[in-house]
Amino acid sequence: MASLGLKAENPRTRRAALIALDQMDQKGLKPETVAPLLTSDDQGIREAASWIAGRHPEWGDALADSLRKRLTAPDLTDAARPELERQLARFAGNASIQTLLTDRLRDDQGTREERLSVLKAMAQSGLKQAPSDWSDGLIGLLTGDDQALRRQAVTTARALPTSKEKAADVGKALLTVAHDGQAPAQERLDALAAMPGGPGALDADLFTFLHDQLDPDQAVAARTAAADVLARSKLTDEQLGTLADVLKEAGPLEATRLLGAFEQSTNEAVGLKFIDALKQSPALLGLRVELIKPRLAKYPEIVQTRAEPLYAMLNVDAEKQKSKLETLVASLSSGDVRRGQAVFNSTKAACVTCHAIGYLGGKVGPDLTKIGNVRNERDLLEAIVFPSASFVRSFEPVTIATKDGQIINGLVRVETPDEVILTTGVNEEVRIARTEIEEMRPGTVSVMPAGLDQQLTTRELADLVTFLKACK
C-alpha cells in the first residue's frame, strides 16, 4: 500500500508514496500527514509536500496551527523563510490563514523578520482584494518608524489591490511615505505607484520630485516608474507643459509611458506643445501612430491638423526600414563582445532590466542566455531597432480597451475568468477586471520600446549585437 511507503527509509520512496496517496480517489492523504513533511530534512519531500499542500486550499484550517508554529519559531532559518512565505501565500484565501497573518502582522512583540515574512506572503497571495484587517495592518506600518517594515509594506500595498472602503486610508498613508524627503527615492516612487486609483493631483513638491527622476542620469527603474506615475496622475496644464519639455530629451522607455499623461487634457496650447516636443524627441522614430493618435482625440481640431505631418513622419514603409537595417548591418563587423556586455548592462540601453542572461536580469522579455544559437546578426539587429516588426512566441502583446476609455498595451501574465493581468513594463503590472473590458485584441506595438538606435551610437549597436551573438 502507498501509505506504507511513507515509512520507508529511502526518501525517494517516501516522496513517491506521498504523491501517489494524493492522487488516489479515496482521498487517502490527510493534511495532518502532510504538515510535518513541510519541514522534512529531505528537499525532495519538502517540495512534494509543499506542492501537494498548495493543491488543497481546503486544508488551510488544518494547517494553520502548524504554519503559525513555523512562522514564530526562533530557529527558523533565512534559507527556510522564502518557502514558508510561499506556503502561507498559497493558503491566503483561507479565513484561518488570513487571521494568522493579521495577528502576526499586528503583534508588536513579534520579530521584524517574522513580520517581514508576513508582508511578503501577503504580497505573493494573488488575492483580488486585500482583507480589511490586512489594510489596517499596512496602514500602521506605513505610518510607523521601522524603515525596513515600511519599505516592505509599500511593496505589499503595490502588489495587493485595496478595497474601495480602505482605498482612501491606504492612499493617505502611502502619500505620507511619498512626501518623506528622507526616504529612498525608489520607496517614494513605489508608494506613489501603489496608491489606489492613482496619485490624483500632484502638489509642487511631488511633481518636482517625479520630474527630477526623469533625468537621463537616473537609473532605468526610477525613470520608468516616475513616467508611469506621472501618466496616472491628474496634472495641471502648466505641469503638462513642463512635461512636454521633458519629452524633447526623453529616451524610448520613458517617452512611451509619458504619452498617457497628455490624454487627460483638452487645452490647445498643451496639445500644440506636445506635438512640437514629439517632433524634437530622440525617441520619435520609436513611437507608433496608434500610440499617439488616441492621446490627441479630445484636443481641438487645430491640434489634430497639426499632428498630421507628425503621423506622416512615423508611417515609415517596409522598404525604408529594410534600407536602414542593411546600412546598420554593414557596421556589425567592428563589434566587441566585452564592450557589448557593458552596453547590455548599462542604464543607457537598459536591456538587463527586461531580459535575463543566465541567472541575472529581468523577466519581462525573452531569456537571451542562448539567443546566439537561434538568431543571426541581422535578426538580432532588427529586434533591437524595430521590436514591433515581429514578436517572439509567448511574448505577443495584447491591447485592451476598457469601458472607461483607457487603452492598455502589454503582455498577458495571468488570465482568469474574472480578470486579466498585463505586464506593461519593468516591475509594472495592471489588473483589469473582465467586467471592465470593452475589447481585447492582439497588439501591434511591442512592450520593448523602439528607438534604441537613436539612443546608442553605431559602435554601441555593433558591440551589443556582437555580445548577443556570442550568447550560446
* **Intermediate values then yes/no, salt bridge (charged side-chain N to carboxylate O under 4.0 Å, His left out), Arg150 and Asp146** => CA-CA 6 Å; Arg150 188 175 78 166; Asp146 191 308; over 6 Å; no

* **Trace of the side-chain hydrogen bond (donor to acceptor under 3.5 Å, both in side chains) decision for Thr399 with Arg441** => CA-CA 5 Å; Thr399 298; Arg441 61 181 183 272; 5.0 Å; no

* To do: Give the intermediate values and the outcome of side-chain hydrogen bond (donor to acceptor under 3.5 Å, both in side chains) for residues Thr402 and Glu436.
  => CA-CA 6 Å; Thr402 63; Glu436 298 299 319; over 6 Å; no

* Asked: Can you list the steps and then say if Asp133 with Gln98 is a side chain to side chain contact (heavy atoms under 4.5 Å, CB included)?
  -> CA-CA 9 Å; Asp133 289 342; Gln98 288 183 8; over 6 Å; no

* To do: Could you walk me through whether Arg378 and Glu326 pass side chain to side chain contact (heavy atoms under 4.5 Å, CB included), step by step?
  => CA-CA 8 Å; Arg378 191 183 190 284; Glu326 295 303 332; 3.0 Å; yes

* Asked: Do Cys471 and Leu368 pass the side chain to side chain contact (heavy atoms under 4.5 Å, CB included) test, and can you show the C-alpha distance, the side-chain angles, and the key distance before you say yes or no?
  -> CA-CA 7 Å; Cys471 293; Leu368 303 180; 5.9 Å; no

* To do: Quick one: do Ile421 and Val430 satisfy side chain to side chain contact (heavy atoms under 4.5 Å, CB included)? Show the steps, please.
  => CA-CA 6 Å; Ile421 302 178; Val430 177; over 6 Å; no

* Go through the steps for Lys298 and Glu263 under the test salt bridge (charged side-chain N to carboxylate O under 4.0 Å, His left out), then give the verdict. => CA-CA 8 Å; Lys298 298 177 183 178; Glu263 191 173 359; 5.9 Å; no

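A salt bridge is absent between Asp237 and Lys273; no separation between the charged side-chain nitrogens and carboxylate oxygens falls under 4.0 Å. In this structure, Asp228 does not pair ionically with Arg232, as no charged nitrogen and carboxylate oxygen lie closer than 4.0 Å. Electrostatic pairing of Glu460 and Arg339 does not count as a salt bridge here, judged by no charged N lying under 4.0 Å from a carboxylate O. Under the 4.0 Å criterion applied to side-chain N and carboxylate O atoms, Lys403 and Glu438 are not assigned as salt-bridge partners. One finds a salt bridge joining Glu415 and Arg434 here, because a Lys/Arg side-chain nitrogen approaches an Asp/Glu carboxylate oxygen to under 4.0 Å.
Donor-acceptor pairing under 3.5 Å is lacking for the side chains of Arg338 and Gln341. Side-chain atoms of Gln186 and Asp190 include a donor-acceptor pair closer than 3.5 Å. A side-chain donor from one of Asp367 and Thr369 sits under 3.5 Å from a side-chain acceptor of the other.
Residues Val414 and Glu429 have side chains not in contact (no heavy-atom distance under 4.5 Å, counting atoms from C-beta outward). Counting heavy atoms from C-beta outward, Leu456 and Asp463 have side chains that stay 4.5 Å or more apart.
Across Ala194 and Ala157, no two heavy atoms sit closer than the pair CB-C, 4.0 Å. Counting all heavy atoms, side chain and backbone alike, Lys370 lies closest to Lys472 at CG-C, 4.0 Å. Closest approach of Tyr299 and Gln304 over heavy atoms only: O-NE2, 3.1 Å. Scanning both residues, Pro199 and Val229, for their nearest heavy atoms gives CG-CG1, 3.7 Å. Here the closest heavy-atom approach between residue Thr162 and residue Ser135 is recorded as CG2-OG, 4.1 Å.
Put simply, the side chain of Thr156 never gets that close to the backbone of Ala153: no donor and acceptor are under 3.5 Å apart. Using a distance-only test at 3.5 Å, with no hydrogens or angles considered, no donor-acceptor pair links the side chain of Gln280 to the main chain of Ala277. Side chain of Gln213 to backbone of Ala185: no donor-acceptor contact under 3.5 angstrom is found. Counting only distance, with no hydrogens or angles, the side chain of Glu268 and the backbone of Ile302 share no donor-acceptor pair below 3.5 Å. Panel note: side chain Ser125, backbone Ala89; no donor-acceptor pair is recorded below 3.5 Å. The main-chain N or O of Leu119 is never found under 3.5 Å from a side-chain atom of Trp134 such that the two would form a donor-acceptor pair. Remark: side-chain polar atoms of Arg375 are not paired, donor with acceptor, to backbone N or O of Leu380 under 3.5 angstrom. Although no hydrogens or angles enter the test, the distance criterion places a donor-acceptor pair under 3.5 Å between the side chain of Gln239 and the main chain of Thr236. No side-chain donor-acceptor contact under 3.5 Å links Glu439 to the backbone of Ile400. Remark: the backbone N or O of Leu235 is not paired with any side-chain donor or acceptor of Ser233 at under 3.5 angstrom.
Residue pairs satisfying the ring pair (Phe, Tyr, Trp, His ring centres under 6.0 Å) criterion with at least one member in residues 254-278, sequence neighbours excluded, are listed as follows: Phe262-Phe274.
Crowding of Lys279 atom NZ: a count of heavy atoms from other residues, nucleotides or ligands under 6.0 Å exceeding 12. The local environment of CD in Glu308 is crowded, with over 12 non-hydrogen atoms from other residues, nucleotides or ligands closer than 6.0 Å.
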Compile the donor-acceptor pairs under 3.5 Å between side chains in residues 163-178 and protein atoms, sequence neighbours left out, one pair per line.
residue	atom	partner	partner atom	Å
Ser163	OG	Lys166	N	3.3
Lys166	NZ	Asp136	OD1	2.7
Thr176	OG1	Lys172	O	3.1

